[in-house]
Visitor: 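Pasting a structure here, questions to come.
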Amino acid sequence: MTEGTTTAATEGADTLTRLEQEGEIAADYLEALLDIADLDGDIDMDVEADRASVSIISDASGRDLQKLVGRDGEVLEALQELTRLAVHRETGDRSRLMLDIAGYRAQKRAELAELGAEAAAEVKSSGEPVKLKPMTPFERKVVHDAIKGAGLRSESEGEEPQRFVVVLPA
């Protein structure tokens, strides 16, 4: 191996170790939260797309965990930010950690990918740009990825919280 290859491999291992540490800190924080709220749930940690990913899952119906998701994922978004702050407090580094509760984000991701594919098909057939409804940053990212996968371009327009995706012809 050359020096550049060794350095890249070391940096990759360092990044993976850092992301695993973020996941551990987040898991400890969320475990304490579940204990305080007297909710049952198992915590699953992973590293996906260069970010730590933590999921709270339940063997039961997951109804109790739905309280932690909230309407349209609002509580989930807030818990994700609090968890990121807990990681930042421990590491001193900004975290891009993703939190999923009861499979909400996974289901939402599938729905948004389908929405992106439908919008791309509409733009391909009409040749006209399509504006989608306002979305959160997470939702826009999933739609942008789906549009890119369909071979088209997309842009975000507007100001938060009314920021939306516009799908453009090729």
Side-chain angles (χ1 to χ4, degrees), residues 8-117 132-149 154-165:
T10 302
E11 287 175 5
D14 289 346
T15 299
L16 182 60
T17 301
R18 182 181 52 80
L19 293 174
E20 288 172 344
Q21 178 190 17
E22 283 186 18
E24 291 288 338
I25 293 166
D28 290 345
Y29 176 79
L30 292 166
E31 190 70 47
L33 176 80
L34 290 174
D35 287 344
I36 290 168
D38 195 28
L39 296 173
D40 290 326
D42 295 323
I43 298 182
D44 183 36
M45 296 176 297
D46 200 359
V47 173
E48 297 174 2
D50 292 331
R51 64 171 58 187
S53 174
V54 179
S55 300
I56 301 175
I57 54 178
S58 175
D59 292 336
S61 68
R63 275 208 154 101
D64 286 345
L65 290 182
Q66 290 303 318
K67 296 172 187 174
L68 297 179
V69 173
R71 190 183 74 222
D72 297 328
E74 290 173 340
V75 176
L76 171 58
E77 290 289 334
L79 287 174
Q80 177 174 276
E81 285 307 309
L82 289 172
T83 305
R84 286 176 174 176
L85 286 171
V87 170
H88 181 264
R89 184 185 68 224
E90 293 289 321
T91 65
D93 295 325
R94 182 180 175 276
S95 174
R96 296 178 49 233
L97 176 129
M98 287 295 292
L99 175 62
D100 191 6
I101 298 174
Y104 176 82
R105 277 203 203 274
Q107 179 182 348
K108 191 74 169 171
R109 183 176 278 124
E111 291 170 4
L112 290 165
E114 185 177 325
L115 173 68
L132 302 176
K133 65 178 180 58
M135 299 178 190
T136 67
F138 162 76
E139 293 169 334
R140 290 194 310 270
K141 170 74 168 108
V142 173
V143 172
H144 284 304
D145 290 347
I147 300 302
K148 184 177 180 181
S154 60
E155 297 175 351
S156 291
E157 293 183 4
E159 298 293 324
E160 294 293 350
Q162 296 299 314
R163 200 154 166 80
F164 59 93
V165 173

Visitor: May I ask you to check whether over 12 heavy atoms, not counting those of Asp40, lie within 6.0 Å of atom CG?
Guide: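 No, not enclosed.
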
Visitor: Does Glu159, at its CD atom, have more than 12 non-hydrogen atoms belonging to other residues, nucleotides or ligands within less than 6.0 Å?
Guide: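 Open: at most 12 neighbouring heavy atoms sit under 6.0 Å from CD of Glu159.
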
Visitor: Any donor-acceptor pair under 3.5 Å linking the side chain of Gln162 with the backbone of Pro134?
Guide: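 Not confirmed, Gln162 side chain does not pair with Pro134 backbone.
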
Visitor: For Asp72 and Tyr104, work out which heavy atoms get closest and say how close.
Guide: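 The pair with the smallest heavy-atom distance is C-OH, 3.2 Å.
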
Visitor: Looking at every non-hydrogen atom in both residues, tell me the closest pair between Leu34 and Ile56 and how far apart they are.
Guide: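 Looking at all heavy atoms of both residues, the closest pair is CD1-CG2, 4.0 Å.
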
Visitor: Could you tell me whether Asp35 atom CG has more than 12 heavy atoms of other residues or ligands within 6.0 Å of it?
Guide: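 Yes, because the 6.0 Å sphere around CG of Asp35 holds more than 12 heavy atoms from other groups.
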
Visitor: Which atom pair, heavy atoms only, marks the closest approach of Glu139 to Thr136?
Guide: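 Smallest heavy-atom distance, with atoms named: OE1-N, 2.8 Å.
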
Visitor: Would you compute the distance between atom CD1 of Ile43 and atom CG of Leu30 and round it to the nearest 0.5 angstrom?
Guide: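 Ile43 CD1 to Leu30 CG: 5.0 Å, rounded to 0.5 Å.
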
Visitor: For Arg163 and Gly158, which heavy atoms make the closest approach, and how far apart are they?
Guide: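 Scanning both residues, the minimum pair turns out to be NH1-O, 2.7 Å.
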
Visitor: Just one of Val87, Leu19, Leu85 clears the side chain to side chain contact (heavy atoms under 4.5 Å, CB included) bar with Ser95, so which one?
Guide: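 Going through Val87, Leu19, Leu85 one by one, the side chain to side chain contact (heavy atoms under 4.5 Å, CB included) with Ser95 is satisfied by Val87 alone.
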
Visitor: Looking only at heavy atoms, which two atoms of Gly23 and Met45 are closest? And how far apart?
Guide: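 Reported closest heavy-atom pair: O-SD, 3.1 Å.
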
Visitor: Apply salt bridge (charged side-chain N to carboxylate O under 4.0 Å, His left out) to the pair Glu160 and Arg140, showing each step before the final yes or no.
Guide: CA-CA 12 Å; Glu160 294 293 350; Arg140 290 194 310 270; 2.8 Å; yes

Visitor: Quick one: are Thr83 and Val54 in side-chain contact, heavy atoms under 4.5 Å?
Guide: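 The answer is no; the side chains never approach within 4.5 Å.
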
Visitor: Distance check, rounded to the nearest 0.5 Å: Glu22 atom CD versus Asp93 atom CG?
Guide: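 Those atoms lie 7.5 Å apart.
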
Visitor: On a heavy-atom basis, which atom in Arg94 and which in His88 lie closest, and how many Å separate them?
Guide: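 Heavy atoms only, the tightest pair is N-CD2, 3.7 Å.
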
Visitor: Can we say Asp145 and Lys141 salt-bridge, meaning some charged N sits less than 4.0 Å from an Asp/Glu carboxylate O?
Guide: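 A salt bridge is present here (some side-chain N lies under 4.0 Å from a carboxylate O).
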
Visitor: Both conditions, 6.0 Å and 45 degrees, for the charged tip of Arg105 above the ring of Phe138: are they met here?
Guide: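 Judged by the rule (NZ or CZ under 6.0 Å from the ring centre, within 45° of its axis), Arg105 counts as positioned above Phe138.
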
